[in-house]
**Student:** 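Provided herewith is a single structure, encoded as structure tokens, for subsequent inquiry.
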Amino acid sequence: MSVQERKERERAGRERLIVATARELAEQQGWDAVTTRRLAERIEYSQPVLYSHFRGKREIIGAVALEGAAEMAGALRAATSTSATATATATDEPRARVVALARAYLDFAADNPAVYDAMFQLDGGLAFAQEDTPEPLKDAFAALLETLGEVAGDDVHPALFTELFWASLHGLATLTRAGRLPPEDSERRVELLVDRLAVV
């Protein structure tokens, strides 16, 4: 391995450590607890080293959001794979996939609240729904579209339907987490959402 390759590998390792530490701190204590000073102390690097990787907290939030988007895309695809919904009959399969997708989305939001906030609540400096939207965000949307596009219905643009369904899931995730919706009705909400919006 060349000196340059070793330096690039070390740099990438430091960036992964910074992002993982920020994510861990945010999940434990919230994003307000994530400061460059605290991160530098936890990872035992100087603040200038940290700033050589990220210009500040906003870029760190963006990096966590991109990592989370990739994880969410994987979770959604795993939940909607044919093996995951294999118990459904052929006529019920589209509905089963949409229900699995909705559950996986809501579970991801509940299990990773700080990451979910980085993705959708906080300013990470990332562009959404634009030409320069980063690939992990586009892929997370594509993971939704792959299943939801099948049930959009005739004369409904699949991406527009996916945006509406996604907005509904985001509302459910956010309101449930804020204690505005009783958690015991979560499953009924998913079923109602699927039955009323999806053409299955």
Side-chain angles (χ1 to χ4, degrees), residues 8 11-27 30-32 34 36 39 50-81 97-98 100-153 155-178 193-194 197-198:
E8 287 173 9
R11 180 172 179 78
R14 283 192 303 270
E15 284 183 8
R16 283 192 304 274
L17 179 61
I18 292 166
V19 170
T21 304
R23 184 174 174 168
E24 179 184 329
L25 188 57
E27 291 291 2
W31 278 104
D32 287 342
V34 179
T36 53
L39 284 174
L50 194 135
Y51 281 117
S52 74
H53 292 276
F54 298 99
R55 285 182 289 198
K57 183 175 176 177
R58 182 178 188 225
E59 283 191 4
I60 293 169
I61 290 170
V64 170
L66 293 177
E67 189 175 88
E71 291 172 11
M72 176 182 274
L76 296 177
R77 287 189 175 109
T80 58
S81 70
R97 289 182 48 175
V98 176
L101 175 109
R103 287 179 184 145
Y105 184 98
L106 295 172
D107 287 348
F108 182 89
D111 295 343
N112 304 281
V115 173
Y116 192 81
D117 284 350
M119 292 168 67
F120 301 121
Q121 304 286 94
L122 302 174
D123 179 10
L126 303 174
F128 282 81
Q130 297 176 21
E131 260 186 55
D132 60 341
T133 298
E135 283 306 315
L137 298 179
K138 288 179 183 178
D139 190 50
F141 185 78
L144 291 165
L145 181 62
E146 288 161 12
T147 295
L148 295 172
E150 297 175 14
V151 297
D155 301 323
V156 177
H157 192 283
L160 191 61
F161 176 77
T162 299
E163 290 171 352
L164 177 65
F165 202 94
W166 171 30
S168 299
L169 289 174
H170 176 70
L172 288 174
T174 304
L175 291 170
T176 300
R177 185 167 138 206
L193 177 65
V194 172
L197 285 185

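Scope of the values below: all heavy atoms of this structure, side chains included, with no hydrogens, waters or symmetry mates.
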**Student:** Taking all atoms of both residues into account, what is the closest heavy-atom pair of Gly68 and Val115, and its distance?
**Tutor:** CA-CG1, 3.5 Å
**Student:** Report yes if some heavy atom in the side chain of Leu106 is under 4.5 Å from a heavy atom in the side chain of Thr176; otherwise report no.
**Tutor:** no
**Student:** Looking only at heavy atoms, what is the nearest atom pair of Gly149 and Pro158, with distance?
**Tutor:** CA-CB, 3.9 Å
**Student:** Quick check: closest heavy atoms across Gly56 and Tyr51, and the distance to 0.1 Å?
**Tutor:** CA-CE2, 4.0 Å
**Student:** Show your working on ring pair (Phe, Tyr, Trp, His ring centres under 6.0 Å) between His170 and Tyr116 and close with a plain yes or no.
**Tutor:** CA-CA 10 Å; His170 176 70; Tyr116 192 81; 5.5 Å; yes
**Student:** Would you say Asn112's side chain and Phe108's backbone share a donor-acceptor pair under 3.5 angstrom?
**Tutor:** yes
**Student:** Going through the checks in order, is the salt bridge (Lys or Arg N to Asp or Glu O under 4.0 Å) test met by Glu71 and Arg23?
**Tutor:** CA-CA 13 Å; Glu71 291 172 11; Arg23 184 174 174 168; 2.6 Å; yes
**Student:** Looking at Ala102 and Leu169, what are the two nearest heavy atoms and their distance?
**Tutor:** CB-CD2, 3.7 Å
**Student:** Taking the side chain as C-beta and beyond, is there a heavy-atom pair between Leu101 and Leu148 under 4.5 Å?
**Tutor:** yes
**Student:** Around atom CG of Asp155, are there more than 12 heavy atoms of other residues, nucleotides or ligands at under 6.0 Å?
**Tutor:** no
**Student:** Return yes if some donor-acceptor pair links the side-chain N/O of Glu27 with the main-chain N/O of Ala114 below 3.5 Å, else return no.
**Tutor:** yes
**Student:** Do side-chain atoms of Thr133 reach the backbone of Ala127 as a donor and acceptor pair under 3.5 angstrom?
**Tutor:** yes
**Student:** Are Asp117 and Arg177 ion-paired here, with the side-chain N under 4.0 Å from a carboxylate O?
**Tutor:** yes
**Student:** Can you confirm whether the side chains of Arg97 and Thr80 place a donor and an acceptor under 3.5 Å from each other?
**Tutor:** no
**Student:** Got a salt bridge between Asp123 and Lys57, using NZ or NE/NH1/NH2 to carboxylate O under 4.0 Å?
**Tutor:** no
**Student:** Could you tell me whether Glu8 and Arg11 have a side-chain N and a carboxylate O separated by less than 4.0 Å?
**Tutor:** no
**Student:** Where do Leu25 and Val34 come nearest, in terms of heavy atoms and distance?
**Tutor:** CD2-CA, 3.9 Å
**Student:** List the atom of Val64, the atom of Ala118, and the distance in Å for their closest heavy-atom pair.
**Tutor:** CG1-CB, 4.0 Å
**Student:** Exactly one of Leu144, Val194, Val151 should register a side-chain contact (heavy atoms from CB on, under 4.5 Å) with Phe165. Which one does?
**Tutor:** Val194
**Student:** Assess whether ring pair (Phe, Tyr, Trp, His ring centres under 6.0 Å) is satisfied between Phe120 and Trp166, documenting all intermediate values.
**Tutor:** CA-CA 12 Å; Phe120 301 121; Trp166 171 30; 5.6 Å; yes
